[in-house]
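So that the names make sense, note that chain A is the first sequence line, chain B the second, and so on, each numbered from 1. Note that the structure is predicted; figures quoted are calculated from it, not measured.
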Amino acid sequence: MATERYNAREVEARWQKTWNDKDVFVTDNDDPREKYYVLEMFPYPSGRIHMGHVRNYAMGDVVARFKRAKGFNVLHPMGWDAFGMPAENAAMQNKVHPKDWTYDNIAAMREQLKIMGLSLDWSREFATCDVSYYTQQQRLFLKFLESGLVYRKNAKVNWDPVDMTVLANEQVIDGRGWRSGALVEQRELTQWFFKISDYSEDLLEAIDTLDRWPDKVRLMQKNWIGRSEGLRVRFEFVSTAPTGDKTLEIFTTRPDTLFGASFMGLSPDHPISVKLAETNPDLKEFIDECRRVGTSEEAIEKAEKKGIDTGLRVKHPLDASIELPVYVANFILMDYGTGAIFACPAHDQRDLDFARKYDLPVKPVVLPKDADPASFEIGDEAFTDDGTIFNSGFLDGMTIGDAKNAVAEKLEAIQVDGTAQAERQVNYRLRDWGISRQRYWGCPIPVIHCDECGVVPEKDENLPVELPDDINFDKPGNPLDRHPTWRDTTCPNCGKPAKRETDTMDTFVDSSWYFARFTAPGHDQPTDPSAANGWLPVDQYIGGIEHAILHLLYSRFFTRAMQKVGALDLKEPFKGLFTQGMVTHETYKSADGQWLSPADIQISEDNGNRVAIEAATGAAVSIGSIEKMSKSKKNTVDPTDIIDTYGADTARWFMLSDSPPERDVIWTEDGVQGAWRFVQRVWRLISEIAENTEPRSGSLQDIDDKGLEVRRAAHKTLAAVSKDLESLGFNRAVAKLYELVNTISKAVSEGIDSSGKEYAVREAADFLVQMMAPMMPHLAEECWSALEHDNLISEASWPKADDSLLVDDTVIYPIQINGKRRGELTISKEASKEAVEAATLALDFVQKALDGNSPKKLIVVPQRIVNVVV
RNA sequence: GCGGGCGUGGUGGAACUGGUAGACACAAGGGACUUAAAAUCCCUCGGCCCUAGGCUGUACGGGUUCGAGUCCCGUCGCCCGCACCA
């Protein structure tokens with residue numbers, strides 16, 4: 001038999017052209033079938049795709065193709081997360097315009113994605129830097145502004161005085177700018193914020209409805225939102241504070257420990273601290289020191305608890321005879337609660353550390369179970385577990401929960417300085433989302449600053465506020481700021497000369513609604529509500545775990561905000577979420593410690609040990625640990641090289657084999673070759689079947705045992721693979737397909753000697769090819785065509801397994817004696833429990849084990865197992 | 001520190017709601033074909049014992065159960081997230 005070797009390059013290009021010419025993957029919004037929206041997190045156009053993309057898009061494509069075969073109207077779009085800093089960095093380094101750099105990269109990556117053979121609707125493609133996209137984003141911003149979801153306030157930023165730019169936290173390394181190395185300053189700027197905090201409770205509660213999200217991500221979001229219930233309490237100053245305040249307001253989650261209060265703590269940024277510092281040089285010095293430490297994370301972590309006594313005193317709310325000192329302390333955060341606390345050292349570790357340092361009283365008020373109230377003392381560790389309240393007057397004997405309520409009720413009823421002394425309050429860790437970026441390559445914030453009218457939104461008809469092309473990066477700072485004319489405009493309100501806002505939006509804004517835009521990408525409003533409501537939520541969203549918090553939380557907020565302004569009508573954008581693992585690879589280092597690329601290495605075997613040498617020089621190379629593929633460690637493999645050598649199907653198949661999709665996968669040359677051999681093997685098998693059998697021939701009438709065995713295997717595999725694909729268990733599906741290929745190969749090599757067997761083999765081949773199709777679409781089309789089907793497999797519907805073939809006529813029961821397997825029993829599936837028992841007792845080895853006695857117990861689990869207890 | 005997850009052959013990993021541990025693949029070893037190589041095909045492949053066969057084995061130590069990789073308690077190790085959140 002002269003079967004040609006499968007030529008992936010030629011075959012893949014051919015089928016891609018066919019799909020493209022026939023618009024097979026173009027989706028119609030008006031298609032009446034049930035919808036299914038599959039989306040992979042869109043890529044940043046860095047210039048080249050990497051293996052992580054291949055894995056991500058291969059998975060999404062399997063889902064898309066599978067659902068299409070199952071009869072859904074599938075939306076599977078692709079776009080580009082195209083704004084952001086790398087384009088500006090490239091502009092500075094290589095004198096290339098950010099726009100040119102970005103669009104060139106997009107063009108290159110689009111070609112790379114196309115050779116993967118993904119079933120994408122390219123007609124919906126857009127980049128977030130397209131004017132048509134950010135115009136609509138500006139429109140959304142203005143609607144949010146109108147609805148009170150956007151506001152301005154002062155906020156601190158990390159300012160690099162050399163680059164004259166704002167830095168993100170991760171760009172500050174040891175208190176210095178990552179690029180310039182200059183000491184970073186904290187500056188106050190007026191910035192734009194989205195009121196995500198309006199939705200704290202809703203975002204938290206709705207997490208419970210996201211039952212097709214990984215628990216891990218749900219938990220991370222819960223922690224991020226960080227809800228805590230507590231009490232806001234006003235402590236009366238013994239004498240009025242220099243700010244004129246008569247009371248000090250604090251937030252606590254432990255009002256039950258109020259009788260253990262030892263001192264009060266103020267954040268260094270608290271208004272009272274700041275006011276006092278004006279006349280107290282020591283305090284000023286202390287506060288300045290706290291701020292300097294503020295930038296380095298490590299310093300914060302290790303910082304000793306420190307403080308300074310303000311001399312101010314407050315009265316204990318439950319016992320006016322007690323006066324508590326007020327300290328400014330470095331461990332108190334201004335932006336949580338009220339920036340002030342009452343400290344109970346006995347039951348809070350931070351407070352205890354502080355109290356020990358300054359020799360303040362430590363009075364335990366919660367007694368551990370079984371402890372003796374007379375002798376219980378706190379050492380170096382605060383007691384934070386459950387217990388009973390003591391040393392606390394009217395609270396004595398209560399549980400912590402009861403005491404919390406009792407204190408709240410009592411203080412709510414007391415009036416201090418005209419208001420209740422306390423009120424219950426729920427606090428969240430989640431802060432509002434600052435979106436201002438002092439950068440060029442982002443979506444301009446469409447507002448105007450007018451001397452007369454203040455901050456004025458741009459008029460809708462004047463949109464877009466377009467980025468100017470004539471900019472340069474010769475000088476540090478934001479090019480929009482120093483552009484000669486771009487800032488100049490007229491006030492939409494009074495018509496007088498005014499200045500544009502030069503800040504642009506955080507790129508997380510761009511990615512917070514792109515999934516909605518895909519549903520009607522050309523629409524003249526941000527969304528077409530009927531299209532958005534029809535397609536959303538995304539049924540299956542797939543991407544990296546690194547976006548578990550910010551991107552997903554912002555998108556959830558945006559969906560709510562869009563609902564508020566009528567752009568669509570739902571709360572949760574992503575019904576199913578899947579976070580895939582990373583692609584990793586072995587690392588290599590030369591003798592002088594340089595990282596080496598896998599492409600420059602030769603591996604061989606020596607006495608069972610793998611040894612590596614540098615291919616060019618023959619120099620010894622040490623094989624290092626397996627790490628995430630990264631440029632810095634040079635352990636990357638270029639997908640394009642792999643696809644050139646083996647074809648897209650092989651790369652896709654390997655990415656889906658072996659490792660569970662949520663776990664990291666190790667890229668190995670051997671693994672790819674294994675996948676490649678499988679491609680060839682399938683092609684040989686299908687070719688042989690196509691040559692030796694006729695389509696739609698053979699008869700079920702004279703099916704024999706061998707044929708039936710093949711049919712059973714095919715139908716069982718179909719049922720299992722359908723289930724696996726439904727639950728994204730790609731590695732399990734792959735294993736089952738290997739098994740089926742083994743079964744069919746064996747059957748074919750034994751000869752197709754009856755029309756019943758011919759039918760079975762032909763059917764199994766069709767099933768095999770169809771099940772492979774979502775994962776290796778080109779090979780599947782080629783096989784499908786070789787099997788003389790006249791449609792495209794990409795348009796064929798998923799086969800249905802015959803339930804009657806899923807169960808065997810006989811069951812093989814493992815027979816255990818005292819829980820240990822000793823043999824097996826083959827018996828009809830229909831056999832009654834009694835029949836199984838009788839047959840078991842008749843077995844030789846059972847008889848032997850019983851040695852004439854009757855069994856103590858005989859357990860028969862139907863269709864499963866038998867256990868004889870002797 | 002707090003929260004979460006995970007520990008199965010030489011390797012990646014299977015094992016449904018407790019029911020034959022190691023499917024499938026990779027690597028390795030042996031064989032067939034070939035002048036040779038590649039490709040392909042066949043066999044072996046957790047450990048121990050001399051075989052039939054048996055013993056043992058899912059990080060470690062206990063427990064529940066007729067039966068535990070799976071459930072419970074404790075220990076050790078690794079990974080991830082958060083990190084002075086009052």
Side-chain angles (χ1 to χ4, degrees), chain A residues 5 214-224 226-228 230-231 250-255 257 265 267 297 300-305 329-333 335-344 347-351 353-354 381 384 427-431 545-546 548-549 605 608 610 626 654 657-660 662-666 668-675 677-678 680-681 684 720 723 729 731-742 745 749 812-824 845 855-870:
Chain A
R5 210 168 148 75
D215 288 342
K216 184 188 166 113
V217 174
R218 297 203 287 175
L219 189 69
M220 280 162 75
Q221 293 220 346
K222 277 186 183 171
N223 292 340
W224 191 261
R227 182 184 201 274
S228 59
L231 203 61
I250 61 96
F251 175 74
T252 181
T253 55
R254 292 298 302 271
T257 63
S267 163
E297 276 186 36
I300 294 173
E301 219 168 293
K302 291 182 179 145
E304 193 187 351
K305 307 272 175 288
N330 64 349
F331 65 92
I332 298 163
L333 305 173
D335 40 4
Y336 187 81
T338 63
I341 60 155
F342 91 81
C344 174
H347 305 292
D348 182 289
Q349 192 59 45
R350 295 155 301 177
D351 298 349
D353 294 345
F354 192 90
E381 248 179 74
T384 54
N427 237 310
Y428 300 90
R429 211 185 74 109
L430 181 65
R431 315 274 156 73
I545 186 77
E546 67 272 20
I549 297 175
E605 194 92 12
R610 295 173 70 242
I626 292 164
F654 177 57
S657 318
D658 288 355
S659 290
E662 69 279 8
R663 239 183 271 181
D664 291 352
V665 65
I666 305 169
T668 63
E669 197 56 33
D670 286 331
V672 183
Q673 280 174 13
R677 280 198 297 272
F678 181 70
Q680 296 294 346
R681 196 168 162 220
R684 276 196 311 275
K723 204 176 146 206
N731 58 319
R732 291 192 302 267
V734 165
K736 307 240 168 66
L737 291 178
Y738 272 114
E739 243 169 314
L740 182 60
V741 168
N742 290 341
S745 296
S749 70
I812 301 171
Y813 281 94
I815 307 298
Q816 295 182 334
I817 290 169
N818 292 338
K820 292 200 166 152
R821 185 179 176 280
R822 283 291 181 271
E824 55 190 32
F845 60 91
K856 216 182 204 168
K857 213 168 186 182
L858 188 57
I859 294 144
V860 177
V861 183
Q863 318 296 318
R864 274 276 153 76
I865 201 166
V866 180
N867 193 6
V868 186
V869 185
V870 298

Under 4.0 Å, heavy atoms only, any strand: does [X] hit a base, just the sugar-phosphate, or nothing?
X      : answer
A/Y738 : sugar-phosphate
A/Q816 : base
A/R431 : base
A/K820 : sugar-phosphate
A/V869 : sugar-phosphate
A/S749 : nothing
A/I332 : base

Exercise. Do you know which two heavy atoms are closest between A/Q863 and A/Y813, and how far apart they sit?
Worked result: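 Heavy atoms only, the tightest pair is N-OH, 2.9 Å.
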What's the closest nucleotide to the side chain of [X] if the choices are [options]?
X      : options             : value
A/A735 : B/U20, B/A23, B/U40 : B/A23
A/M220 : B/C82, B/G81, B/C66 : B/G81
A/L219 : B/G54, B/G4, B/U20  : B/G4

Do [X] and [Y] have side-chain heavy atoms sitting under 4.5 Å apart?
X      : Y      : value
A/R5   : A/Q680 : yes
A/V866 : A/L858 : yes
A/I341 : A/D351 : yes

Whole-Å gap separating [atom2] ([N]) and [atom1] ([X]):
X      : N     : atom1 : atom2 : answer
A/N742 : B/A25 : CG    : C1'   : 10 Å
A/F331 : B/A83 : CZ    : C1'   : 15 Å
A/I545 : B/C79 : CD1   : C1'   : 13 Å

Exercise. What one-letter contact string describes nucleotides 7-16 of chain B from 5' to 3', where B marks a base within less than 4.0 Å of any protein heavy atom, S marks contact via sugar-phosphate atoms alone, and - marks no contact?
Worked result: -----BSSSB
Exercise. How are the rings of A/Y738 and A/F678 set to each other: parallel, tilted or perpendicular (split at 30° and 60°)?
Worked result: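 Geometry flag for A/F678 against A/Y738: tilted rings.
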Exercise. Nearest nucleotide by nearest heavy atom, which residue falls closer to the 5' end of RNA chain B, A/V868 or A/A675?
Worked result: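 Whichever sits nearer the 5' end wins; that is A/A675.
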Exercise. Which comes earlier along RNA chain B counting from the 5' end, the contact point of A/I859 or that of A/I812, where each point is its nearest nucleotide?
Worked result: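 Checking each residue's closest nucleotide, the 5'-ward one belongs to A/I812.
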Taking [M] as the reference, what is the distance to [N] when you measure between their [atom1] atoms (whole Å, please)?
N     : M     : atom1 : result
B/G61 : B/C79 : P     : 24 Å
B/U11 : B/G46 : P     : 13 Å
B/A38 : B/U56 : P     : 44 Å
B/U20 : B/C16 : C1'   : 15 Å

For this session: Indicate whether any N or O donor in one side chain lies under 3.5 Å from an N or O acceptor in the other, for A/N867 and A/R821.
Result: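 No - no donor-acceptor pair under 3.5 Å links their side chains.
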Exercise. Can you check B/G9 for me, syn or anti if syn means within 90° of 0?
Worked result: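 Syn, which is what one calls it when the glycosidic angle falls within 90° of 0.
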Problem set entry | B/C66 base / A/N867 side chain donor-acceptor hit below 3.5 Å |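 Check passes, donor-acceptor contact within cut-off.
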For this session: Return yes if the base of B/C80 and the side-chain atoms of A/K216 contain a donor-acceptor N/O pair under 3.5 Å, otherwise no.
Result: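 By the distance-only test, no, there is no pair.
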Exercise. When Watson-Crick pairs (N1 to N3 and N6-O4 or O6-N4) and G-U wobble pairs (N1-O2 and O6-N3) count only below 3.5 Å on both distances, what is the dot-bracket string of RNA chain B, with | for other-strand pairs?
Worked result: (((((((..(((......[....))).(((((.......))))).((((...))))..(((((..]....))))))))))))....
Exercise. Do A/R431 and A/D335 sit within salt-bridge range, that is, some charged N less than 4.0 Å from a carboxylate O?
Worked result: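 Result for this pair is yes, salt bridge flagged.
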